[in-house]
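Data first, discussion second: the structure below is written as structure tokens.
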Amino acid sequence: MATRKLIYDVGDRPKFKNLLLYAFQMLLAILAATVAVPTIIGLPSQIPAAILGAGVGTLVYILFTKGKSPIVISSSFAFLPALSTALAFGYMGILVGGLLAGAVYVVLAIVVKFAGTSWVNKLMPPVIIGPVVALIGLSLAPNAVADLMSANSTDPFASYNWIAIICGLITLFTVVICTVQNRFKSMKLIPFIIGIGAGYAAASIFTGIGIATNNTYLKVVDWTRLINSFSPVTIESFFSVPKISLVEGIKEMMTGVFSPEMSGATLLDGVGVGALALAFCPIAFVAFAEHLADHKNMSTIINHDLINDQPGLHRTLLGDGVGTMMGTACGICPNTSYGEGIACVALTRNASVATTFTTACICILLSFLSPFSLVLQTIPKCVMGGVCLALYGYISVSGLKMFKEVDLDDNANLLTVCVTLIAGIGGLVLIIPPFNTVIIKTFIGEATDPTVTTQVTGIMQIGSIATALILGILVYQLTRLIHRREKSRIADVNLEVKQEDYVRSYLKQFGNDRLTKVLLMFGFLHESVELTTAQLSNILRSKEMLNLRTAKELNEIIKLFELKGDTTGLTKQALINLIVKDCHDIDKKMPTGYLIK
């Protein structure tokens, strides 16, 4: 696959002022998803902790990969169902869950180190990985579109706001123009900063008009939290320490007192650890596929195989696993490699690990600086939605490009892609076990109210992308198994025909020495080839053999072999020994050494 030339390669280091600019752009690219995870699980106050965890996790990842991979790791959406279980045990539940998830990565890294990566490629070839990468982008598409249409205001129509759509499209078209133009190199390197800046400026103008005219529909930007942080002005208005899982979890276990945001939680015990293992570990195995897909995607962008070459899959897994442990301990949720960061590298053609390193450092710094963190949180959803249309779209297209060389005329490949895409896009999830009071009562025969519906819950929920991946692997392996058996059967039939043809042709090439001909006939076959007596009888009854022996002699030989049974295979050496025994008194001139050839 043809790749575009990078402006900054993995080992390149831009000038310091440019480096800060590029790193800030990378931060903006991952910001929306990073802050979304703590918001979704009901802990919006822990956004600074999520940013801190992303910075720490990325630094750990860079350390383990020896600075060879420019990937950012941050808050993972895959673990959202598991985090719901963890919240029942407070911050300690989140901490232990993150440690368990990271441990799975570490175990997989050890396996890959000693077993190699060939089994991974066989288990998840491009025909599976490609659709999964595409699904990562497609699954995020509704979020991007919903954000594009939303305003950060209290207006009743905030979820669908034409002013928000206009600001989002201004952002999108600015990004497009900066990316495709070739006149200004600097604009190609920071299209997202320019796009977000243009969208934010437009949104601020509309919001200013809305404030002046008291029109809530025009208020796209919400500066309330930023303003309230300075009322009154305290040290926390400028500097604050995020609540991190490690510290808060230890406090909970020592005092038995939970933070206000964790009201209703219980202390973690052995049963709780088991529940967390069931919730986090299976998802970590599935997230391994996303890890593999992201690194294959990045490999095509930087034109260097990160999986089979340096740093190697075992190191990327270690970096992601230990990064997840440290990111959770210092933050609020497990981490994963970010497609948004990969898309940013691809669109800007800046693969410098120095940029990734600086991004991680900025994340750590901003998590302690309240004003900067709050300013970033005031960026309207519609503006980030405009950026994400391009980012998520690139993730989807890069997945489709991964299997463009796959032969889709082969039904095995076609069905694998079909099942994977439709299961993922359709939102098929697996809830294990499916706890539902109506289902349970119906199962045991108790009467239920048909008008009552309850949500199905369980200890573990496998998301749509993970489910699609599992189905894709099962379909692919099933079709490969059928193909292998079909090919083996056809090969056996062809081998039988070829063996008889070879024997007949060889019989014609030598003189009148009957024993020589018979030995050459079987000597031509490979040592491991076995002939059934039915095949052997066909050969012995051939016209060529009739020219060498009388019918009576042939019948005796056929009887000799048929005593072994029609389904018994005879190896070359066994055949030679039997023929030699039968022909010993016919031709004594044959050298003994040849008989055991």
Side-chain angles (χ1 to χ4, degrees), residues 31 33-57 74-77 79-102 224-277 279-280 283 323-335 363-374 376-377 457 459:
L31 182 65
T34 300
V35 303
V37 173
T39 303
I40 292 172
I41 64 175
L43 298 175
S45 61
Q46 300 309 306
I47 287 176
I51 296 174
L52 173 62
V56 172
S74 189
S75 309
S76 174
F77 280 82
F79 290 97
L80 284 176
L83 285 170
S84 299
T85 302
L87 289 173
F89 304 102
Y91 283 101
M92 183 56 72
I94 295 175
L95 175 62
V96 172
L99 294 177
L100 290 170
T224 304
R225 288 189 63 189
L226 179 61
I227 295 172
N228 289 342
S229 67
F230 292 97
S231 301
V233 177
T234 63
I235 188 66
E236 292 185 353
S237 301
F238 302 94
F239 180 83
S240 62
V241 178
K243 284 187 176 181
I244 63 177
S245 298
L246 178 61
V247 174
E248 297 300 319
I250 293 174
K251 286 181 181 179
E252 291 171 353
M253 299 301 291
M254 292 180 66
T255 64
V257 178
F258 293 89
S259 302
E261 64 270 15
M262 292 293 180
S263 59
T266 58
L267 287 176
L268 184 64
D269 55 12
V271 175
V273 172
L276 291 174
F280 280 85
I283 296 177
T324 288
M325 293 179 179
M326 294 298 296
T328 306
C330 298
I332 196 62
C333 48
N335 290 334
C363 284
I364 295 172
L365 180 64
L366 291 185
S367 67
F368 291 93
L369 300 179
S370 303
F372 286 100
S373 178
L374 291 172
L376 290 177
Q377 293 176 46
T457 59
I459 294 176

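Applying the ring-ring contact (aromatic ring centres under 6.0 Å, His included) criterion to Tyr91, with sequence neighbours excluded, gives no partner residue. The side-chain hydrogen bond (donor to acceptor under 3.5 Å, both in side chains) test applied to Thr266 returns no partner, not counting sequence neighbours. The side chain to side chain contact (heavy atoms under 4.5 Å, CB included) search around Val241 returns Phe239, Phe368, not counting sequence neighbours. Applying the side-chain hydrogen bond (donor to acceptor under 3.5 Å, both in side chains) test to Ser74 and every residue at least two apart in sequence or in another chain returns Thr34. With sequence neighbours excluded, no residue forms a ring-ring contact (aromatic ring centres under 6.0 Å, His included) with Phe89. Ile227 meets the side chain to side chain contact (heavy atoms under 4.5 Å, CB included) test with Trp223; sequence neighbours excluded. Phe238 is linked by a side chain to side chain contact (heavy atoms under 4.5 Å, CB included) to Phe230, Val233, Pro371, counting only residues two or more places apart in sequence or in another chain. Among residues two or more places apart in sequence or in another chain, the side-chain hydrogen bond (donor to acceptor under 3.5 Å, both in side chains) test is passed with Lys251 by none. Checked against side-chain hydrogen bond (donor to acceptor under 3.5 Å, both in side chains), Glu252 has no partners two or more places apart in sequence or in another chain. Under the side chain to side chain contact (heavy atoms under 4.5 Å, CB included) criterion, Leu267 pairs with Met253, Phe258, sequence neighbours left out.
Here the shortest heavy-atom pairing between Ser259 and Glu248 reads OG-OE1, 3.4 Å. When all heavy atoms are compared, the tightest approach of Pro334 to Thr324 is CB-CG2, 3.7 Å.
Between the CD atom in Gln46 and the OG atom in Ser75 there is a gap of 11.5 Å [rounded to 0.5 Å]. In this structure, CE in Met92 is found 7.5 Å from CG in Leu246, a value given to the nearest 0.5 Å. Put simply, CG on Leu52 and CD1 on Ile332 are 10.5 Å apart, with the number rounded to the nearest 0.5 Å. One distance of note links CG of Leu276 with CG of Leu83; it measures 10.0 Å at 0.5 Å rounding. Remark: Ile47 CD1 to Ser367 OG distance equals 12.5 Å, nearest 0.5 Å.
Judged purely by distance below 3.5 Å, without hydrogens or angles, the side chains of Thr328 and Ser245 never pair a donor atom with an acceptor atom.
The number of heavy-atom neighbours closer than 6.0 Å to CE of Met326, taken from other residues, nucleotides and ligands shown, is 12 or below.
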Could you list the donor-acceptor pairs under 3.5 angstrom formed between side-chain atoms of residues 93-101 and any protein atom two or more places apart in sequence or on another chain?
none

